[in-house]
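As the structure lists them, so they are numbered: ligands from 1, and atoms in each ligand from 1. Keep in mind that the numbers below use all heavy atoms, side chains included, and drop hydrogens, waters and symmetry copies.
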Amino acid sequence: MSVPVARRLRPFGTTIFTEMSALAQRTGAINLGQGFPDEDGPAELVEAAAEALRSGHNQYAPLGGVPELRVAIAGHQRRRYGLEVDPDDGVQVTFGATEAIAAALLGLLEPGEAVVALDPTYDSYGAAVALAGGELRRVTLRAPAFALDLGALEAAVRGVGAAGARQEARVLLLNSPHNPTGRVLSRTELEGVARICVEHDLIAITDEVYEHLVFDGAEHIPLATLPGMADRTLTISSAGKAFSFTGWKIGWCSGPPELVAAARAAKQFLTFAGGTPLQHAVARGLDDAERHTAPLAARLQANRDRLAAGLRAAGFAVAHSEGTYFINADAAPLGVADAAAWCRELPARAGIVAIPASAFHADPATAPTLVRFAFCKRPQVIDEAVARLARI
Ligand SMILES: *Cc1c(COP(=O)(O)O)cnc(C)c1O
């Protein structure tokens, strides 16, 4: 029997990560494609999870999440950013940031409503907007600076430049620190974003999963902290990136009760709840998150520098990475015209897996020669990758 995938999901197919990780497995190549750390997070959080498993925290969590974690999330937002959220009505624990993004869009959007996001775009956004019956409009960040063009953002919000009579967008889905570019939006850029949100009465959903992973003393500024934004912003984050436990899939959203209620309304019927013992461990971690995340950010920064130097020595034009797990390098100086084809050959040729940046763009022609490398790997692995890159 041939059963077609539902029409709204057909454009999304199998992701490039599945294809490239399979290629890494088959060829034994170093996987600098998918962004997952090759080392566990803090042992004391593993211990806290084991203790929670042994002490009977093994049944459904409440819909909102276990109370200890909700209190820890509210405490983290207050301590770190001065944001006040109610631990009951203002926090929702989810199965990773991915579920928070999907639940927020499913809970907020009416069919046909538009969402504006930065292009290149994290791969779940397009599918989540499509599941919610929405329309995704993108604002392109261009290499090597990846600066945000506020005029283009406002035009996308208004629906200018597209065919037909257009409605104003209802939601801005903003990711900073930004995957895949490594950009951390500046205060000036974010002030411009906030002004547009207020003027156009937008709801902001912010994906801040890399909030702790910024380099060179850069500051991550949650959009919710800017004037006029606290009441219209749903802030999303996750323990996966903060503590190097991407497989735990403990995420959350926080903000004003009306926005949290919308996400909760959808989340209730997606998974209801999950990961009870892990929620207890993440609560422990968030109580003094920086003790774990500051050394992690320092290690990542050193890895970034190792990999950037190696890429430069191999002849790439390397873009600056201010945060996240990723750095982008232009392969054009190596004579590469099509990074997607080149990345498919790279495992066999050089024993390395990387992702063509075009995979994250609506129009693959936007960045045809750019390649994204992940540096959330052990220093020895980065060094071996650099040695292999030097031979191509
Ligand atoms: C990893 C990642 C996510 C997903 O987070 P999970 O907690 O693993 O679901 C969401 N957004 C961005 C930008 C990411 O890089």
**Q** Without hydrogens or angle criteria, can the side chains of His220 and Glu211 be said to hold a donor-acceptor pair below 3.5 Å?
**A**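 No.
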
**Q** Phe326 vs Tyr210 aromatic rings, parallel, tilted or perpendicular, using cut-offs 30° and 60°?
**A**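 Ring orientation, 0 to 90° scale: perpendicular.
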
**Q** Taking only heavy atoms of Gly96, which atoms of ligand 1 are found under 4.0 Å from at least one of them?
**A**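 Listed by number with element, the hits are 6 (P), 7 (O), 9 (O).
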
**Q** I need the nearest protein heavy-atom contact for atom 15 (O) of ligand 1: residue, atom name and distance, please.
**A**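 That would be Tyr210 OH, 2.7 Å.
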
**Q** May I ask you to check if ligand 1 and Glu99 share an N or O to N or O distance below 3.5 Å?
**A**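 Min N/O separation from ligand 1 is not below 3.5 Å for Glu99.
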
**Q** Does Lys249, backbone or side chain, put an N or O under 3.5 Å from an N or O of ligand 1?
**A**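 Between Lys249 and ligand 1, an N or O pair is found under 3.5 Å apart.
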
**Q** With Arg304, which of Tyr325, Phe375, Phe373 fulfils side chain to side chain contact (heavy atoms under 4.5 Å, CB included)?
**A**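 Exactly one pass, corresponding to Phe375.
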
**Q** Keeping Asp119 on the side-chain end and Val139 on the backbone end, is there a donor-acceptor pair under 3.5 Å?
**A**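 Checking the backbone N and O of Val139 against the side chain of Asp119, no donor-acceptor pair under 3.5 Å is found.
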
**Q** Would you mind checking which non-hydrogen protein atom is closest to atom 13 (C) of ligand 1, with the distance to 0.1 Å?
**A**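 Checking every protein heavy atom, the shortest distance to atom 13 (C) of ligand 1 gives Asp207 OD2, 3.3 Å.
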
**Q** Return the CZ to CD distance between Phe243 and Glu44, rounded to the nearest 0.5 Å.
**A**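 Reported to 0.5 Å precision, the distance equals 10.0 Å.
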
**Q** Can you see whether His178 engages Glu322 through a side-chain donor-acceptor pair at a distance of less than 3.5 angstrom?
**A**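 Note: His178 and Glu322 side chains miss the donor-acceptor criterion.
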
**Q** Heavy atom of Gly240 under 4.0 Å from ligand 1?
**A**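 Contact check Gly240 vs ligand 1: negative.
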
**Q** Which of the atoms of ligand 1 are close to Asn175, meaning less than 4.0 Å from one of its heavy atoms?
**A**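 Counting atoms of ligand 1 from 1, those under 4.0 Å from Asn175 are 13 (C).
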
**Q** Return the residue, atom name and 0.1 Å-rounded distance of the protein heavy atom closest to atom 7 (O) of ligand 1.
**A**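 Answer for atom 7 (O) of ligand 1: Ser238 OG, 2.6 Å.
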
**Q** Can a donor-acceptor pair be found between the side chains of Thr324 and Asn179 at a distance below 3.5 Å?
**A**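 Their side chains do not contain a donor-acceptor pair, so the 3.5 Å distance test is not met.
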
**Q** Transitively linked via ILVMFWY side-chain contacts under 4.5 Å: Phe215 with Leu296?
**A**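 Result: yes, single cluster for both.
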
**Q** N/O of Lys241 under 3.5 Å from N/O of ligand 1, yes or no?
**A**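 Looking only at distances, the answer is yes, because the N/O contact criterion of under 3.5 Å is met.
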
**Q** Looking at atom 5 (O) of ligand 1, what's its closest protein heavy atom, distance included?
**A**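 That would be Ala97 CB, 3.5 Å.
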
**Q** Taking heavy atoms and a distance under 4.0 Å, where does Thr98 meet ligand 1: side chain, backbone, both or neither?
**A**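 Looking at Thr98 and ligand 1, atoms from backbone and side chain both fall under 4.0 Å.
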
**Q** Quick one: does Phe95 get within less than 4.0 Å of ligand 1, heavy atoms only?
**A**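 Outside the 4.0 Å threshold, so no.
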
